[in-house]
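Right, one structure below, let's go through it.
Hydrogens, waters and symmetry mates are skipped; everything else that's a heavy atom, side chains included, is used. Remember, it's 1-based here, ligands and their atoms both numbered in the order they're listed.
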Amino acid sequence: MKKGVPISPGIAVARAFRIDEACARQSHGLMQADDIDVEIARFEEACNSVAQELDTLISRVSKEVGEDAAAIFRSHRVLLRDPGLANKVKREIQVHGVDAPTALDRALEEYTSLFARISDEYLRERMADIRDVISRIINRLTLDESAQKLAGQEPIVLVAAEFMPSQAVMFDRLPVAGIVTEAGGSTGHAAILARSLGIPAVSGLRGLLKEVHTGDMIIVDGREGGVLINPGPEVESAYRKLQREYVDLRHRLIENRDQDAITSDGVRIELLANVNNVVDAAAAVGAGANGVGLFRTEYVYLSHTSVPTEEEQVAAYRAVIEASPNHSVVIRTLDLGGDKQVPYLGAQREANPFMGWRSVRMSSEFPEFFQTQMRAILKAGVHGKISMLFPMVSTVEEVIHLKLLVENARQSLELEKAEHAQKVPFGVLIEVPAAAICIDQILEEVDFISVGSNDLIQYLMAADRDNPKVAHLCEPCHPAVFRILNSIITACVKKNKPVTLCGEMAGRPLFLLPLLGMGLTRVSMSPNFVPTVKEMVRTVTIPAARRVAKHVVNMQTVDEVREYLSAKVRKMCPNVAKLDTM
Ligand code: PEP
Ligand code: MG
């Protein structure tokens with residue numbers, strides 16, 4: 001068995017499907033005269049769709065972000081219609097009989113070697129624009145091809161070097177039973193998506209692409225982080241049996257949907273859901289969550305090719321509010337940057353994107369852009385009980401600035417007499433160690449706190465959550481993680497301010513057990529984990545959890561913490577141990 005990092009629990013037994021092979025263009029070989037005309041027409045059509053895509057992008061970006069950002073796309077529009085490029089591609093198709101993507105690849109190679117010889121740095125940098133335009137045309141051509149090829153297939157295990165959030169559209173088009181990747185940590189955004197969809201996933205599998213080909217039988221054990229390739233019929237049928245048992249147990253647990261999450265000594269724990277869209281919100285209801293503790297709004301932006309308008313945003317937020325349990329939603333403002341980029345903000349490539357220009361750090365450069373979102377949230381808020389949550393704050397000054405922006409948005413709505421939510425609780429996400437250390441000052445300014453343990457751990461450990469080489473350091477079992485969480489929770493309890501944990505740790509009984517002992521009573525997780533966590537809550541007592549917490553904060557090593565917690569959960573909640581990654 002190949003061992004990797006367990007990302008999302010569950011068992012999948014299905015045929016491998018390599019994303020790179022699917023997206024790789026099938027060479028059509030040398031084409032006949034008729035095919036050549038068809039291929040040229042296909043190239044022209046793709047250019048026309050890309051032109052439309054860019055036009056929409058330009059008009060929205062110039063209106064909502066500014067002329068500077070739009071200028072980038074205007075120059076792409078000009079490059080797209082450059083007769084030099086079109087002629088080069090068409091000539092390649094005609095003379096060498098290759099397909100359009102191959103002709104585009106060759107044109108790209110030619111430009112790359114030409115630009116490499118240019119000494120003027122400004123001109124050399126224009127190569128990035130040419131590459132972007134050519135990639136847009138190639139993507140347009142190959143996405144259409146692969147969508148056609150994949151329609152109506154049997155369940156598959158996606159195999160990739162890395163799974164990017166932008167590839168999530170695959171989930172809509174394909175029956176994905178599992179995901180295995182060479183790269184990616186357990187708190188990366190792709191991992192979160194897999195978990196929220198209940199798709200078993202394992203990452204950190206070095207050399208995977210050398211061993212697996214499309215069509216191979218693959219077993220994914222997302223609880224243990226194990227993968228078997230072409231295992232043989234006996235092993236395959238044993239895993240199919242395990243898979244049935246896993247699904248049965250989960251179904252039985254779902255039946256606890258209408259029961260309260262109350263510990264066996266009577267303490268109520270609020271189980272909330274992390275959602276990206278309406279489908280997740282409905283899943284949160286189905287799983288028996290009490291509300292939504294984290295609505296990641298950036299997916300509203302990532303799913304648009306240009307800035308969504310205020311009214312489009314109101315509609316998207318309203319739909320999530322109305323679909324959520326008790327219409328109660330904590331709406332997190334835009335958290336772009338890091339590994340989540342939208343083309344229309346014109347962000348430049350950064351050496352350290354996770355430490356760079358991300359989240360609320362973008363708000364001073366694009367105040368109108370953020371203002372639009374705040375107005376949309378306040379407008380949508382009349383349809384339920386909402387709170388506003390701001391990610392990635394580092395200083396108390398930022399918190400004060402953000403409060404001012406909310407106030408401006410509120411006043412602008414008042415002036416217009418536009419209907420909007422009143423008295424919306426204001427909270428910030430504690431994800432930066434500096435904010436965790438200065439929690440007392442921040443608590444003076446906010447109504448509530450959420451802890452984003454995914455980011456907090458990556459910054460605490462100085463280890464990129466999406467980099468497989470350091471994924472082992474992004475480790476919730478590090479004693480430092482429990483110590484810092486203990487100090488945040490204790491400060492909030494003392495000041496009587498609500499605190500919710502909403503990183504991936506919240507959905508993992510193993511980690512949650514000591515946190516309940518520290519006084520945490522609100523957690524927000526992928527809807528998929530609510531039943532398992534509820535089972536765990538209902539079997540433990542707070543004094544027992546307190547004893548566990550006391551031990552953990554005094555431990556010295558990751559292994560010591562993990563072994564201790566794993567043994568405790570296996571003993572205290574045996575059903576839970578069968579379902580989750582331990
Ligand atoms: C986190 O960092 O823990 C969090 C909840 O936010 P995200 O995973 O979206 O960065
Ligand atoms: Mg975060």
*At a 4.0 Å threshold, what atoms of ligand 1 neighbour a non-hydrogen atom of Cys502?*
5 (C)
*asked:* What I want to check is whether the side chains of Asn290 and Arg522 have a donor and an acceptor closer together than 3.5 Å.
replied: no
*NZ/Lys3: more than 12 non-hydrogen atoms of other groups inside 6.0 Å*: yes
*asked:* So, 2.8 Å as the limit: is an N/O/S atom of Asp455 located closer than that to the Mg ion (ligand 2)?
replied: yes
*Closest to atom 8 (O) of ligand 1 among Arg358, Arg465, Glu431, Arg332 (heavy-atom distance)*: Arg465
*Under 4.0 Å from ligand 1, counting heavy atoms only, is it the side chain of Leu429, its backbone, both or neither?*
neither
*Numbered atoms of ligand 1 (with element) below 4.0 Å of Asn454, judged on heavy atoms*: 1 (C), 2 (O), 3 (O), 4 (C), 8 (O)
*For Asp455, is at least one N or O under 3.5 Å away from an N or O on ligand 1?*
yes
*asked:* Donor-acceptor check, side chain of Gln441 to backbone of Ile439, threshold 3.5 angstrom: yes or no?
replied: no
_Numbering as shown, the atoms of ligand 1 that approach Leu294 to under 4.0 Å (heavy-atom distance)_ = 5 (C)
*Taking atom types as modelled, is there a side-chain donor on Gln313 or Tyr317 under 3.5 Å from an acceptor on the other?*
yes
*Do we see a donor-acceptor contact under 3.5 Å between the side chains of Ser487 and Arg483?*
no
*Check all N, O or S atoms of Glu431 and name the one closest to the Mg ion (ligand 2).*
OE2
*Quick one: closest heavy-atom pair of Thr181 and Ala161, and the distance?*
CB-O, 3.9 Å
